[in-house]
A.B. asks: 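Have a look at the structure that comes next, please.
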There are 2 protein chains.
Amino acid sequence: MKLTSKGRYAVMALVDLARFDTINPVSLRDISLRQGISLDYLEQIFSKLKKNQIVKSTRGTQGGYVLSKKPNEIKLTNILNAVDEKVKTVQCKKESKKGCNGKATKCVTHNLWDELETHINTFFEKKSLQDLLKNNSERVN
Amino acid sequence: MKLTSKGRYAVMALVDLARFDTINPVSLRDISLRQGISLDYLEQIFSKLKKNQIVKSTRGTQGGYVLSKKPNEIKLTNILNAVDEKVKTVQCKKESKKGCNGKATKCVTHNLWDELETHINTFFEKKSLQDLLKNNSERVN
DNA sequence: TACATACCTGACTAAAATGGTCAAGTTTAG
DNA sequence: CTAAACTTGACCATTTTAGTCAGGTATGTA
């Protein structure tokens, strides 16, 4: 079980945005430099964040990104879903009439992973960007 | 973020074992057939479970595996750790003096993943094999 | 004692996911 | 009109996953 960098990068970038977008849009270049994340990779991530209406973009010189909602309205679950960092547990095909692993019944752990999924999602639904801002009033660059 | 099959297989196999090892040791072959898991893969998994004293083995004809403790004493966290299915979050090198991503300070999400890790582990520490047995009194084969 | 059964070990591998890079744009402020 | 910034999509090296394969070794039973 593993948490990947993409979700972490997305959260880091948005915290950065929340801190710096108050006056002007923030360019990915700036975020890249401040957070040490590859610019090209950031572009992929922000493309998804934009599709999910978490950020808005302005083109051209002095352009960049801003949050489309207030930090306390952006929950971590929104961010992680946007970049496809969902909790994937059992791969039992829900379509199929069969249970897990081709058996007639559900595998004995089926409910377990469901519970875990709920458990983790609850955690992410409670946390907002605002919560992270509070814990990190020290400067980062 | 993803949960892999290895951990799921380990739990499935141990639930199977808990149900059938009361009289004789259970052969991996039987578990393989009942649970639809490759025999060779099961051997790898059980090798780790044995190293971590979760199961005991008997060789020879009529041999097989039995649990080394009672089902209520085996927590999911023990099982998942045994098969290296730990929760891995940030890859910040703890050795290094530097913070995450080569920055001087901890990345803004550092504490977040720590919290999540604790949150998930708490879940696994509460659940025992016994708990899974209760929820699955229906037959599985 | 033979031998089948079952555990044990380690090397190997196809496929997928991860964590990016690279190239070629389009848009717009100045 | 041009540089800064967003946009899109193809591409790729590495690592992980989920096994397979090939050989063992140990031992209960006939």
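Quick note on labels: first sequence line is chain A, next is B, and so on, each numbered from 1.
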A.B. asks: From CG of A:L42 over to C1' of D:dC6, roughly how many Å is that when rounded to an integer?
C.D. replies: 13 Å

A.B. asks: Short question: side chain of B:Q35, backbone of B:S32 - any donor-acceptor pair under 3.5 Å?
C.D. replies: no

A.B. asks: Can you measure B:R29 atom CZ to C:dC8 atom P for me and round it to whole angstrom units?
C.D. replies: 18 Å

A.B. asks: Rounded to whole angstrom units, what separation is found between the OH atom of A:Y41 and the C1' atom of D:dT14?
C.D. replies: 13 Å

A.B. asks: Could you list the donor-acceptor pairs under 3.5 angstrom formed between side-chain atoms of residues 55-66 of chain A and any protein atom two or more places apart in sequence or on another chain?
C.D. replies:
{"residue": "A:S57", "atom": "OG", "partner": "A:K50", "partner atom": "NZ", "Å": "3.0"}

A.B. asks: Residues in side chain to side chain contact (heavy atoms under 4.5 Å, CB included) with B:S47, at least two apart?
C.D. replies: B:K51

A.B. asks: How do A:S38 and B:S27 order along DNA chain C: which one's closest nucleotide is nearer the 5' end?
C.D. replies: B:S27

A.B. asks: Name the closest nucleotide to the B:K6 side chain, picking from C:dC8, D:dA18, D:dC6.
C.D. replies: D:dA18

A.B. asks: Not counting sequence neighbours, which residues clear salt bridge (Lys or Arg N to Asp or Glu O under 4.0 Å) with A:K75? List them please.
C.D. replies: none

A.B. asks: Output the residues of residues 45-70 of chain B in contact with DNA chain D, where contact means a heavy atom of the residue under 4.0 Å from an atom of the strand; sort by number or write none.
C.D. replies: B:R59, B:G60, B:T61

A.B. asks: Please name all residues satisfying side chain to side chain contact (heavy atoms under 4.5 Å, CB included) with B:E125, sequence neighbours left out, ordered by chain then number.
C.D. replies: B:T77, B:N121

A.B. asks: Quickly, which of A:V26, A:D30, A:I31 forms a side-chain contact (heavy atoms from CB on, under 4.5 Å) with A:L28? Name it, please.
C.D. replies: A:I31

A.B. asks: Does A:K6 have any side-chain hydrogen bond (donor to acceptor under 3.5 Å, both in side chains) partners at least two apart in sequence or in another chain, and if so, which?
C.D. replies: none

A.B. asks: Looking at residues at least two apart in the chain, or sitting in another chain, which of them share a side chain to side chain contact (heavy atoms under 4.5 Å, CB included) with B:N52?
C.D. replies: B:I54, B:A82

A.B. asks: Could you name each residue pair satisfying salt bridge (Lys or Arg N to Asp or Glu O under 4.0 Å) that touches residues 37-49 of chain B, not counting sequence neighbours?
C.D. replies: B:K48-B:D84

A.B. asks: Could you state the OH-P distance from B:Y9 to D:dA18, rounded to the nearest angstrom?
C.D. replies: 8 Å

A.B. asks: Under 3.5 Å, which protein N or O atoms sit close to an N or O of nucleotides 10-13 of chain C? Give each pair with its distance.
C.D. replies:
none

A.B. asks: Would you mind telling me which of D:dT17, C:dG20, C:dT9 lies closest to the side-chain atoms of B:E43?
C.D. replies: C:dT9

A.B. asks: For the pair made of CE in A:M12 and C1' in C:dG19, what is the distance, rounded to whole Å?
C.D. replies: 14 Å

